Every structure is written in structure tokens, then in C-alpha cells.
Amino acid sequence: MRERTKVGIVGAGPAGLLLSHLLHLDGIDSVVVEARSRAYVENRVRAGVLEQGSVDTLREAGLDERLRREGLVHEGIQIQVGEHRHRLDLKELTGGKVITVYGQQEVVKDLIAQRLADKGAIFFEAENAAICDFETERARITFTHATEQGEILCDFVAGCDGFHGICRPSIPQGAITIFDRVYPFAWLGILAKAEPASEEVIYVNHPRGFALSSMRSHEVARLYLQCRPDEDLALWPDGRIWEELHKRLRTSSGDTVHEGEVLEKGVTGMRSFVAEPMRHGRLFLAGDAAHIVPPTGAKGMNLAVADVRVLAQALSAFYHHNRTDLLEAYSATCLKRVWRAEHFSWFMTSMLHKFPDEDGFGQRLQRSQLDYIVSSRAAAQSLAENYVGMPYGR
Ligand code: RFL
Ligand code: PHB
């Protein structure tokens, strides 16, 4: 099987699928090559918070029909220090901006349905994908699909294949610089058929470690506990998870989590990572393929959306107006937003987690920072501005 297209896309996560759809809206054809099955990518439980800008992007692209109905608009978040919760009124602090809680797998389902309705080409379960000649005008993606050899000939390759993908490692060493930080903890996350602890997302700084209460609907809670990076899930039967969640989320007025059937359980490592530049020849990296943030700032999926928005505009300017300047500027444009999100995610992570081997100094700095945020409008406003997402084009 041999196909020719304008943009060959590796990866059918939010980045690859949205890029393919945005290009389609601009009359530019693309082919998506994905290692996993459709069912697998549609059921992978991950992010849940969409910035205002991401919601706007999905709306402008005509992808918000279900999001409008099922997405939960949140006007605030809660920061819990010990047993006390403090509300940050995001809407009031940012002049009207809000966040929307809508599962990443729902975004992915909506995107796949739209791509297939528009007769978009997605090769699921494509094995051994490789990219070649992307330093020339005859870039190629090769793969195996149902025992057949596949080859996509394209003008550009979009590397949207996540952190463990093949695109970034295909760039010659020396052409790319990596900035990396691994944190000494991870998150144990569960999805539970239970009423959420609160109508808003709660971030907890607790002497036993960080906890987070979020949701996917009024009936499904998403909860996380700080754990060790090498945590053995077998040591965490449901009872122990609930007990620990009660300990960390209980308030002095007796509020806590509601228990229910655990539907999913997993451990996620925490890292900060940026590859610069996000382009090599005719290969453009987008989303987790280029950068990772610890999930404490809820930025990962939003960065993926922002990258492909920039990339789709640049490709459109190239095909429709013969302009290369936006493609040239792609990496620098994206990295500005990426580094703001990297800083914010590191800041939230550092302020809210319990660091092993921490002496009293770090703890007192955390306390002081939390105090500042709940007592100073300027500090709360800075957090809120970053949380809802910096405006596009800055
Ligand atoms: P994805 O979603 O990882 O998609 C990459 C796709 O590429 C495929 N692939 C390959 N395909 C072909 N050949 C190969 N060799 C391939 N190698 C990989 C993969 O199968 C996959 O389908 O990357 P993308 O599109 O860049 O999207 C990024 C987001 O998924 C990620 O940043 C977020 O999930 C991060 N994240 C959060 N982001 C937010 O914006 N808000 C949040 O609230 C939030 N919470 C989270 C998160 C991530 C978490 N985990 C599990 C890492 C919470 C958690 C727990
Ligand atoms: C989630 O709902 O999964 C979620 C919410 C906020 C975060 C990370 C994850 O910071």
C-alpha cells in the first residue's frame, strides 16, 4: 500500500487528530498513522481540564456539540491546605474566563468520529512506524498494517506520537536540545463511580502528600494521590486508596470524598521535558512528542491543542499563500507558550507535593507561598491567569 498526501501525521492522540481535522477544514489532506487500536485510544483515561482557549479552538472547528452538552464549566478551583479549603474564583480573577472539565478520551472520540465522517484516513494498529527523508521534500512514513507494508509519501511529517513515540528520536543527535526534570514522586489515579467530593477541582497540600479531587461527570469522580514513582499497585486495594483519600481530603468541617466502585486505576510518573527546537527539516513535533509537563497544572492536552493550532495555520499559509515564514516561526511561537506552561506546572507541583528528604526550609517556603495565594489578590490572579490559560498570540 502506497499513498501520497500533503501532511503525514504519526499518532492519533489529541494533537494528531485535531491537526488532521484543522487541515481538512482548510482543504489540506493528511493521513494519520496510529500504533494502537481505535478502542484503545478512545478508552485511555487521561487529562480532564480544558482551558478556555482549547474550548474555543474546538468550537471554532465545529467539534463542540457534545462538549457543550456534557462538559462541566467550572468558574473556580479549590486549594486545600491541611484541613482548610480556599476557593479561587477563576472567573472573577481573570475577567470572565473559566475552565471546562471534559475527559480527553471524549475529545478523542469526538475527533475520530468527525475524521471518519469526513472520510479522513486513519490507519489504526500500524506497527513498526518509521519516518525517513524528512530533511528533503520527499518525506516518508513506513509501517506495517495487517501484515501489509504501508508507505505514506508526504510534503511534511507531523510528529504527534507522544513522549514514547518514534519521531523525536529520529532527529539526529546534536540537532535537538533536551531540557528534563524528573520528580521524586508519582500519582496514583482512580476513576470511580461516585459523586465528586465537590463541584470544583480540589488541589490538596497535606502532610501525608498531595491529593487531587476531580471528576468526569456528576456521577464519576477522578481522584489522585501522591505516591512513590515505583509504587506497586498490588499494594493498593480499593479500601486502602479510599482510606488514604479520606485522610488527605477531609476538612475541619467534616467534608471528605464519596466512595464508589473503582472503574480504573493507574500510576503516572511526573516529569518536565522540553525538546528544542520543535522542528527538524520537514518534521514538526507537536504535543507530548515535544514536551511534557507534570499534570499538576492541567496543561498537557491544552499545549497539544495550542501547538497544532499554530501548525495548522502555518501549513495553511504555506499551501494557500506560498508563505514559509509561519513554518519557520513554528518552534519559537510554540515554545513561548510551552515554557510558560512548564514554569506554571513546575510551580504548582513544587508548591503542592511533599518532597522526600525535604528539610523544614522547603516546607516553610511552600506554606508561605500557599498563604500568599489565599491572602493576596495579586498572587491569586497570577495563578488564575495561568490556570485558565494565557491568551493565544502572546
Ligand atoms: P498522546 O495522547 O500521547 O498521543 C500520542 C499518540 O501517538 C501514538 N503513538 C504512535 N503511533 C504510531 N507509531 C508509533 N511508534 C507511536 N508511538 C505512539 C500513541 O498510541 C498515541 O495515540 O499525545 P498528544 O496527542 O500530544 O496529547 C497529549 C496529552 O495526551 C497529554 O499531554 C495529557 O494527557 C496530559 N494530561 C493532562 N493534560 C491537560 O491538559 N489537562 C489535564 O488535566 C491533564 N491531566 C494528563 C493528566 C496526563 C496524565 N497521564 C496519564 C500522563 C492526567 C494524567 C494522569
Ligand atoms: C483530571 O481531571 O484528570 C485532572 C484535573 C486537574 C489536573 C490534572 C488532572 O491538574
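What you see is a predicted model, and the numbers here were worked out from it, not measured in a lab. Whatever order the structure lists ligands and atoms in, that order sets their numbers, starting from 1.
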Y387 six-ring face occupied by K299 cation (under 6.0 Å, within 45°): yes
Cationic tip of R282 within the cone over F156's six-membered ring, i.e. under 6.0 Å and within 45° of the normal? yes
Mind running side-chain hydrogen bond (donor to acceptor under 3.5 Å, both in side chains) on Q78 and E200 for me, showing each step along the way? CA-CA 7 Å; Q78 317 235 351; E200 294 179 337; 3.1 Å; yes
Can you find an N/O atom of G297 closer than 3.5 Å to an N/O atom of ligand 2?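 Looking only at distances, the answer is no, because the N/O contact criterion of under 3.5 Å is not met.
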Would W187 count as a polar contact of ligand 2, with the cut-off being nitrogen or oxygen pairs under 3.5 Å?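 By distance alone, the answer is no.
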Give the residue, atom name and distance (to 0.1 Å) of the protein heavy atom nearest [atom].
atom                   : answer
atom 6 (C) of ligand 2 : Y203 OH, 3.3 Å
atom 4 (C) of ligand 2 : Y224 CE1, 4.0 Å
atom 5 (C) of ligand 2 : V49 CG2, 3.5 Å
atom 8 (C) of ligand 2 : P295 O, 3.4 Å
atom 2 (O) of ligand 2 : S214 OG, 2.6 Å

Of F185, Y183, F347, Y224, which is the lone residue that meets ring-ring contact (aromatic ring centres under 6.0 Å, His included) with H353?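 It is F185, the one option of F185, Y183, F347, Y224 that forms the ring-ring contact (aromatic ring centres under 6.0 Å, His included) with H353.
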So which bit of V101 gets within less than 4.0 Å of ligand 2, heavy atoms only: side chain, backbone, both or neither? neither
Counting heavy atoms under 4.0 Å, the part of R216 that contacts ligand 2 is side chain
For [X], all residues meeting ring-ring contact (aromatic ring centres under 6.0 Å, His included), sequence neighbours excluded:
X    : answer
H343 : W346
Y40  : none
F124 : none

Hey, is D133 close enough to R140 for a salt bridge, meaning N to O under 4.0 Å?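 Yes, charged N to carboxylate O under 4.0 Å.
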Tell me, please: is M348 in heavy-atom contact with ligand 2, that is, under 4.0 Å?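 So M348 does not count as touching ligand 2.
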Do F273 and F179 have their ring centres less than 6.0 Å from each other? no
Just checking, is any N or O donor in the side chain of S20 or R115 under 3.5 Å from an acceptor N or O on the other one? yes
Got the residues with a heavy atom under 4.0 Å of ligand 1, by chain and number? V10, G11, A12, G13, P14, A15, V33, E34, A35, R36, V41, R44, R46, A47, G48, V49, Q104, A129, C160, D161, G162, G165, I166, Y224, T268, G287, D288, P295, A298, K299, G300, M301, N302, A304
Sub-4.0 Å atoms of ligand 2 with respect to non-hydrogen atoms of R46: 3 (O)
I'd like to know whether I112 forms a side-chain contact (heavy atoms from CB on, under 4.5 Å) with V41, so could you lay out the CA-CA distance, the side-chain angles of the two residues, the decisive distance to 0.1 Å, and finally the verdict. CA-CA 10 Å; I112 291 176; V41 300; 3.8 Å; yes
